[in-house]
Amino acid sequence: MGFIDVDDAGYIDMLFVDPAYGRMGVATSLLTRVGRFAAAHGIGRLTVHASITARPFFTRRGFRTIETRHPTIGTVSFVNYLMICS
């Protein structure tokens, strides 16, 4: 259905939901669990490098954009956003 990965500093490395389960609250449920994990472990904030398509999801859940980034992998450049939720 989906998965999320967060490190001990509160950085969300990935959040994925199978397209067949999109718009059913799976991503929200996963993010809620990560928020509870963070609170229980004294992690004061969550951060993520969100894609253009993921940015609205995180914004609706209280994240704010700190920086617009333009990373390059090989010869491909793209835009993503450093976002934080405290």
Item to check | Trace of the side chain to side chain donor-acceptor pair (under 3.5 Å) decision for Thr59 with Arg64 | outcome: CA-CA 6 Å; Thr59 298; Arg64 58 188 168 79; over 6 Å; no
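In this structure a side-chain-to-backbone donor-acceptor pair under 3.5 Å is missing from Thr72 to Thr75. Judged by distance alone, the side chain of Ser29 and the main-chain N or O of Gly25 form no donor-acceptor pair under 3.5 Å.
Residue Ile73 is found in a hydrophobic cluster whose other members, listed by chain and number, are Phe78; membership requires side-chain heavy atoms under 4.5 Å apart, directly or through intermediates. With a 4.5 Å cut-off between side-chain heavy atoms of Ile, Leu, Val, Met, Phe, Trp and Tyr, the cluster of Leu82 takes in Ile66, Ile84. Hydrophobic cluster membership for Val79: Met1, Ile4, Val6, Ile12, Leu15, Val17, Tyr21, Met24, Val26, Leu30, Leu31, Val34, Phe37, Ile43, Leu46, Val48, Ile52, Phe57, Phe58, Phe63, Tyr81, Met83 (Ile, Leu, Val, Met, Phe, Trp, Tyr linked by side-chain heavy atoms under 4.5 Å, directly or transitively). Other residues sharing a hydrophobic cluster with Met14 under the 4.5 Å side-chain heavy-atom criterion for ILVMFWY residues are Phe3, Phe16.
For Arg23, the CZ atom is loosely surrounded, since the number of other residues' heavy atoms within 6.0 Å does not exceed 12.
Side-chain atoms of Arg61 and Thr28 form a donor-acceptor pair, as typed in the model, at a separation below 3.5 Å.
A search for ring pair (Phe, Tyr, Trp, His ring centres under 6.0 Å) contacts involving His70 returns nothing, not counting sequence neighbours. Shown here are the side-chain contact (heavy atoms from CB on, under 4.5 Å) partners of Asp8, two or more places apart in sequence or in another chain: there are none.
Residues Gly62 and Cys85 come closest through the heavy atom pair O-SG, 3.7 Å.
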